[in-house]
Amino acid sequence: MNIRGFVDTSFVDWDKKVSCVVFTAGCNLRCTFCYNFGLVLHPEEFDEIPEDFIFNFLEENSDFLDGVVVTGGEPTLQPDLEDFIKSVRKFGLGIKLDSNGTNPEVLMQLIAEGLIDYIAMDVKAPLDSEQYSKLAGVNLNSSIGDIKKSVQLIKSSGVDHEFRTTVVPGVHTKADIEAIAKSLAGADRYYLQKFQPNTRFDKLNENKPQSDAEMEELAEAARKHIPSTEWRGR
Amino acid sequence: MTIKSLENEKQMDSTDIALFVRVSKGDVVKWSRQSIVDALLRETSISPEMADKVSREAENAIIASNIKFITAPLIREVVNDKLVHHGLEEERKQHTRLGLPIFDVDQIIRNHNKENANVPHGPEATNLSLAEAIKKQHALLRVFSPDVSLAHESGDFHLHDLGMIDRPYCSGNSLEYIKKFGLNLPNALSIAKPAKHPEVLIGQMIKFSAALQGTFAGAIGWDAVNLFLAPYLKGIDDRRMEQLAQILVFEYAQQAVARGGQSIFSDLNLYWEVPKHFADVPAIGPGGKFTGNVYEDYIGESQRFVQALLKVYRQGDAYGRPFFFPKPQIHISEKLFKTEGYEDFLTQVAEVSSEMGNPYYVFDRGDTAKISECCRLAFKLEESDFNDAKTPWKMRYSAMQNITFNLPRIAYEANGNDDILFELLRRKMEQAVKGHVAKKRFITGLLNMGNTGPLGLLTMDTDGEAYYRLHKASFLFGMVGLNEMVQYHLGSELHESRDAFKFGLKVIAFMNKMCEELGKRLDMKFVLEQTPAESTAYRMAMLDLEHYPDQARQTVKGDLASNEVYYTNSTYLNVGSQVSPIERVKKEGMFHPLIEAGSLTHIWLGESRPSPESIANFVVKTFKHTTNDQIAFSPEFTSCLDCGKNS
Ligand code: SF4
């Protein structure tokens with residue numbers, strides 16, 4: 001697998017767990033708020049990390065680890081994602097997968113084989129092609145159908161999951177958040193994430209991130225459809 | 001110097017010279033050569049004939065200078081000069097005057113003391129600095145033998161707290177003592193009976209801590225605070241419980257008005273479970289009376305109080321900043337995992353770690369139990385201590401002194417030869433141990449002066465023995481720069497190769513064994529400690545750059561250009577190296593069983609606030625899968641003193 005980033009110990013990326021995080025190269029979207037933009041556009045500028053390096057670490061430290069978070073980029077673009085996950089599972093570790101939901105077939109396969117313990121999907125905008133394309137930075141046309149399919153698949157998968165939306169200042173309205181939440185109704189968890197400055201988009205975006213109070217207000221709006229909605233990034 | 005016998009004209013056989021002397025008590029008196037003779041005979045081992053000769057030479061020199069007013073210190077220097085001329089080196093030392101150049105005093109009064117970040121700048125703090133400067137000179141000249149003093153000054157090893165030579169280093173205390181005997185301090189105007197109410201008990205504890213800080217150089221630790229308070233907390237509602245916790249933390253934290261403007265370096269040892277060795281111990285309650293119950297019966301109050309304390313730590317001060325003192329030391333033992341509610345408790349502690357960073361997690365595996373002090377020093381309880389546990393007011397421990405070795409220098413001197421390296425280490429420990437013996441002799445002398453002596457507080461005897469239990473005192477050996485020692489000796493740092501790491505273990509095992517040997521030989525207790533020695537690590541690096549420039553340039557960490565250099569602390573792995581927290585707790589933890597008086601691994605959390613559950617999870621795994629003794633987490637934020645905000 002094309003791995004261009006590795007965090008050996010994380011207390012952040014998988015709630016309640018001690019995990020390590022693997023970053024795969026490349027993505028099929030171009031979200032302007034992406035905070036891994038380098039990994040998306042110029043993965044070759046990061047050293048490739050051999051799988052064996054990671055497996056050695058897992059072998060020596062599986063006593064401390066609960067699982068591995070596979071994120072990106074977009075991991076479902078990696079043709080050997082499934083093999084990688086299977087190798088990790090041999091160490092007795094769980095898998096959390098982060099995805100943008102553009103490849104429902106890959107997700108379906110992994111879920112069906114019981115290879116995933118937790119799945120986190122980004123939902124960037126209300127699920128219509130035009131709005132979604134604006135935030136995802138590419139013209140989605142009919143692929144919006146794939147994203148909708150992934151949402152349905154994850155909700156009904158029986159696998160622990162969350163959906164999340166990064167709230168972009170000056171772009172997302174309260175009505176947008178409510179609309180997204182509505183389309184996700186029935187999900188386990190929904191998180192709004194506060195926009196982190198210093199990303200590429202920051203330079204283009206003059207607006208300040210939402211205040212804590214504004215985030216809470218948006219979360220409250222989303223709770224109409226998903227009562228457990230929370231926000232992150234305090 | 002005072003010149004006493006001026007009125008005594010008969011004793012004056014010198015010419016009646018028209019010279020006036022400004023004496024230190026603030027007077028101007030007429031010149032008297034006899035005063036020089038008197039001082040020499042009183043203060044030194046010189047013979048009367050020689051004293052007379054020296055005094056005449058000094059007088060001649062002074063007359064020849066034509067000076068009209070002279071100060072007593074200057075006369076003393078002239079006399080010292082003559083002593084040197086006669087080769088009376090020992091007498092010169094005995095006759096020397098301690099003090100500071102006026103320039104230095106001016107600097108100390110005006111500028112902030114950079115060496116000790118804990119000391120705020122102010123008249124109280126500069127009093128402390130000035131006093132310490134003189135006591136340090138006194139220690140190096142009077143307490144320690146010249147070779148030990150020289151080894152300190154040249155940076156072979158570091159004698160800690162020389163400015164507090166007349167105090168033991170640090171102490172572990174028991175609330176039971178105050179509960180049983182009240183507060184009965186020597187020289188106190190009033191004596192307090194055993195407390196009846198928790199507020200009063202907490203007040204007594206803090207007053208006593210402040211008094212102890214006046215007689216100890218380092219930390220003041222308290223064992224099982226929440227448990228020993230518990231018998232006073234029956235029937236107290238949540239609101240009052242929280243207020244009591246606030247009183248305890250805030251009152252301690254605000255004692256920065258105490259000695260030299262420093263906070264009391266205080267530690268609160270806290271437990272969720274009732275530790276095994278206290279479970280069946282009869283509890284002492286209000287009025288200092290046995291309640292008829294044992295401590296196990298107070299687990300409910302004990303737990304509620306520790307929860308209330310954690311709330312206070314989580315909130316921080318009025319600006320939301322963390323409290324640096326008192327430090328919460330959270331004990332983790334096997335019994336914790338059998339005590340109901342431990343998961344929520346650990347999560348609550350971890351939340352404080354994640355947001356504020358203060359808690360230290362102390363691992364008591366198997367049958368060990370510890371009292372923790374001053375970041376990492378811990379007193380491991382021995383068989384006899386567990387007997388003391390039945391009468392917990394007896395549980396008072398102290399380390400008398402700490403001496404830290406400059407390990408990289410030994411590697412420079414050994415120049416790649418294993419045998420020489422261990423031989424040098426052995427010799428330096430043999431030499432340093434004389435420093436411990438000297439300190440013990442000096443403190444014992446002060447203690448023997450009884451309750452009117454300078455350490456009167458420590459001699460108070462309410463339970464059949466002095467408060468300071470000399471026979472229990474331990475003597476610490478610390479180390480700086482194991483990493484750089486190994487790096488120079490083998491060419492790779494501790495984390496870079498298995499051989500380097502193994503060699504590091506061998507060095508510390510050797511030091512540990514030396515402690516045992518020396519202890520048997522001298523009937524004293526020597527133990528290794530990871531010295532909390534940031535300033536020592538800097539001092540040694542600077543000295544080595546001066547004296548071993550070719551070697552030290554290869555190993556020192558930090559920035560050579562700006563002189564911000566240091567050796568890696570104690571047995572730590574290079575703090576800047578890419579070692580995962582997991583590997584760090586495992587690897588550093590392998591040293592910990594050899595360092596009996598306490599060690600610590602620091603985990604940096606980075607910018608994001610991690611989930612408390614993940615931290616708790618990591619703590620439990622560290623307990624179960626490593627031999628690490630103690631860990632603490634540092635969230636990456638700095639408190640801005642100007643705006644009071646955290647970022
Ligand atoms: S889907 Fe994720 S990785 Fe890809 S561009 Fe968007 S934010 Fe970045």
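Proteins get letters first, then strands, A, B, ... in listed order; numbering begins at 1 in each. Side chains included, hydrogens not; waters and symmetry mates left out as well; all remaining heavy atoms used.
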- Test item: B/E588 side-chain N/O and B/L573 main-chain N/O as donor-acceptor pair under 3.5 Å: yes
- Query: Quick one: what part of B/T626 sits under 4.5 Å from any heavy atom of chain A, side chain, backbone, both or neither?
  - Reply: side chain
- Item | From CZ (B/F501) to CD (B/E493), nearest 0.5 Å | 13.5 Å
- Message: Tell me if the aromatic rings of A/F23 and A/F6 count as close, with their centers under 6.0 Å from one another.
- Response: no
- Message: With chain B as the partner, which of A/D8, A/V7, A/D15, A/T9 has the greatest number of non-hydrogen pairs under 4.5 Å?
- Response: A/T9
- Message: For A/K194, is there an ion pair with A/D212 - N to carboxylate O distance below 4.0 angstrom?
- Response: yes
- Distance (rounded to the nearest 0.5 Å) between B/S354 OG and B/F633 CZ: 10.0 Å
- Message: Which atoms of B/V585 are under 4.5 Å from chain A, going by heavy atoms: the side chain, the backbone, both sets, or neither?
- Response: side chain
- Interchain contact, B/K586 with chain A, by part (heavy-atom threshold 4.5 Å): side chain
- A/D13, part contacting chain B, at a heavy-atom distance under 4.5 Å: neither
